[in-house]
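Atom set for the values below is all heavy atoms of this structure, side chains included, hydrogens, waters and symmetry mates excluded.
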Amino acid sequence: MTCKKFYVALLHWEFIYVITAFNLAYPITPWRFKLFCMPPNTTYDLLLPAGISKNTSNLSGHYEAVVEAKFNSSGTYFSNLSFKTTFPCCFWSEQDKNCSAPGDNIDKKAFVSTVNSLVFQQIGANWNIQCWMKEDLKLFICYMESLFKNSVKNYDLKVHLLYVLPEVLEESPLVPQKGSFQLVQCNCSVHECCECHVPVPTAKLNYTLFIYLKIAYGGVVFQSPLMSVQPINIVKPDPPLGLHMEITDSGNLKVSWSSPTLVPFQLQYQVKYSENSTTSMRKTDEIVSATSLLLDSVLPGSSYEVQVRGKRLDGPGIWSDWSTPLIFTTQDVIYFPPKILTSVGSNVSFHCIYKNENKIVSSKKIVWWMNLAEKIPESQYNVINDHVSKVTFPNLNATKPRGKFTYDAVYCCNEYECPHRYAELYVIDANIKISCETDGYLTKMTCRWSTNATQSLVGSTLQLRYHRSRLYCSDVPSIHAISEPKDCHLQRDGFYECIFQPIFLLSGYTMWIRINHSLGSLDSIPTCVIPDSVVKPLPPSRVKAEFTVKTGLLKISWEKPLFPENNLQFQIRYGLSRNEVQWKRYDVYDAKSKSASFPVPDLCAVYATQVRCKRLDGLGYWSNWSIPAYTVVMDINVPVRGPEVWRIIDEDTTKKERNVTLLWKPLMKNDSLCSVRRYMVKHHTSQNGTWSEDVGNHTKFTFLWTEQTHTVTVLAVNSIGASFANFNLTFSWPMSKVNIVKSLSAYPLNSSCVILSWKLLPSDYNLMYFILEWKILNEDNEIKWLRIPSSVKKYYVHDYFIPIEKYQFSLYPIFMEGVGKPKIINSFTQDNIGKHQNDAGLYIIVPIIISSSILLLGTLLMSHQRMKKLFWEDVPNPKNCSWAQGLNFQKRTEFFEV
């Protein structure tokens, strides 16, 4: 026994010598290790926790720390230390802070006097320690947990960690001097757990970090052995993210997850899962390097629970914490996927496994129904295996909402019944058209799109995403994996509007609308826009409208906008200025043109004109219309003609003189072009006398007719000159007796119209036209007159005629040589008045009679069909009656036989 103790003591002293001589530091392992402190003359059975070797002796009263490292499954150390190593422990009290270490000539009795075994037992100087590097590679953490949970709470626990990180990378770094260590205070809880944080620069992850712990507890200070580690070797990743379970097309259960985002190396994963079904229960775990694992076939009516953790694949590392458990429960009927959100025109498929009365239905006996109203054709079925059936819906149309249901219910049934559970199919029209427009200053691009296509999908959000290529667009736009969202704002007109600013004019902006929903996301058909190709120029400026003098054309001039620099086409719209302008268009394709002239029907009216422009190659948009420009009414040429002239003759038979009063009607604007300042009467007599008289703006002029022949011409004069085409009226004594009108008849059609007809006699004179006069007989009223072409033999006179009055009608033939003798009647023609009235009435009565006949015939036909249906609807077909079987209805049958 004595030899055995001596041997153990010799080993301890030998190890202390090695540490003292070579400054050896304990390597921190990627797993937990224990720090165990034991006072002298202490019973091992009382102090040592379970799992720590009791083959240790106290050395001459020195207090020693036994550090036991727990190992991985290989059962080997991280370093080349023996299976159990005893480290010296240095401690001191507040009264005596001299450190105790093997080989020091310090009185051992001082330590025994300050500590008794009961205190050590109560304060629990035994610790579980684990250190790791956080996934963000910025923080080194050491976690300490007391092995004894029954410590006296009156003791104040304080833990400090001292560390040093070399400035340069060394293959075999030496233990630093005591004064170079930095100190951090650890956070300790009431549960005797402490956590120490040490910041580590990213550039020094491969350096050797030296640390040791000082633990102050109940008036006693413990110091751990020196420890060392390279932080990169003990990185602890965060738990995997996005744990997800789904059923594959073949009916297997697939578990997938996402790797933590900050780890700089590849991970391996440990997956543990359990299955609890009506027939069995099992647990298992597997280690994989991928981020998914395919499990066994899924069973209806079962429950699955899965957890995943990660660790560095190549090299040392620490397992992450387990992810939050994910529980996946299946029903008696499994639809996978249970819900599908898709777009119009796509093809989708549902799979199902159906268990009925604890027995899985064969996939060959499964039938599919839509909304329990329409059986899906078997040509759309597909048998995956014995238990999995598949149905495919090709070229889908948009779902029509049925009340509050915005989806179609897809049922997986057996031959006799359908379960109450169903899959949901949402089909929406994702063909959202995006239109973009670049402003005329080429500084921003505005894109707009409507939400009408997705109004039926409640709970969805829409987002415009885009990808900008350096130059132009591809031939077939496609959705890019790398894209950016764009903030869009809903406008009052129901459109969303997004603004790109600044813009790259020749870059291709591929954009689409992403519809996000709890069921998934859909992308609209992408479109690519080049800002330079969708420019809406600024409208032309300095627009001016005027009529050209002499030619009488409407001329529009403008200045083109500064941007864009492309060749532009222009469009003019013009119309008479009024409350509602009836616009007409005129296109100008000459890019260099700054004006355009064209004829208009009314040269004496005010026209409103506007101009807009667009790229000549057809790309982009029309600009807004310019500010309206208006023409000013002014004389653009001499009047087209003079006024029509007639006369009233007041004859003095005694003196053989006649006073002639000329009458004319004011010229309209289209004839005067565009105003008349005055009229001039030009005289020419048979004695070759010629003179002119200015009559101002009057429309009546009287002169004395004394010559045998007297010709007058009335000219209209405006600011430019006198009219060229004028009406001549010749007064001739001989011609006033020439009679060529054989007869004249007047037939009143109604109170506003009278028909006049006449017959002529043969004549050698050149007949130019007729003048028709009418007035109320025996009253000194104003004479009304009008000019009638010479080729007309019947004329409708429109005026207000009083039926009880008598009217005088006079028809004057006008020759080039002078005014002929008139034909005068003083009343309406009595014969055949009724005939003309009846002829006029026929045009109204005959169409009415024809329309009435067609309407009556249609009514009779409809009444006939209605009566036939009313009387014969309830009469059965005798051939369908039992008593009539075998009878020939085309042959006479005697029903009453004697």
Test: R615 and D532 ion pair at under 4.0 Å: yes

Side-chain donor-acceptor contact under 3.5 Å, K536 with N624: yes

Plane angle bin for F727 and Y769 - parallel if under 30°, tilted between 30 and 60°, otherwise perpendicular: perpendicular

Between Y679 and F701, ring centroids under 6.0 Å: no

NZ/NE/NH1/NH2 to OD/OE distance under 4.0 Å, R448 and D493: yes

Of L786, L760, L756, V792, the residue whose pairing with F770 passes side chain to side chain contact (heavy atoms under 4.5 Å, CB included): L760

C447 and C488 SG atoms under 2.5 angstrom apart: no

Approximate separation, where rounding is to 0.5 Å, of Q687 CD and T709 OG1: 9.5 Å

Parallel, tilted or perpendicular: rings of F815 and Y765 (30°, 60°): tilted

Audit row: V588, I572, side chain to side chain contact (heavy atoms under 4.5 Å, CB included) steps and yes/no: CA-CA 8 Å; V588 179; I572 302 170; 4.2 Å; yes

Rounded distance (nearest 0.5 Å) linking atom CG of L663 with atom CD1 of I648: 4.5 Å

Electrostatic pair D439-K444, nearest N-O below 4.0 angstrom: no

From I556 atom CD1 to S593 atom OG, the distance as rounded to the nearest 0.5 Å: 11.5 Å

Test applied, ring pair (Phe, Tyr, Trp, His ring centres under 6.0 Å); reference residue, W646; option that passes from Y812, W664, F731: Y812

Side-chain (E651) to main-chain (N659) donor-acceptor, under 3.5 angstrom: no

Mutual orientation of the aromatic rings belonging to F500 and Y466 [parallel < 30°, tilted 30-60°, perpendicular > 60°]: perpendicular

Evaluation steps, side chain to side chain contact (heavy atoms under 4.5 Å, CB included), between F563 and L538: CA-CA 7 Å; F563 298 109; L538 296 173; over 6 Å; no

Side-chain heavy atoms of V754 within contact of Y747, under 4.5 Å: no

Among I824, L777, I825, the one residue meeting side chain to side chain contact (heavy atoms under 4.5 Å, CB included) with F809: I825

Donor-acceptor pair between T685 and H710 side chains, under 3.5 angstrom: no

S675 and N718: side chain donor to acceptor below 3.5 Å: no

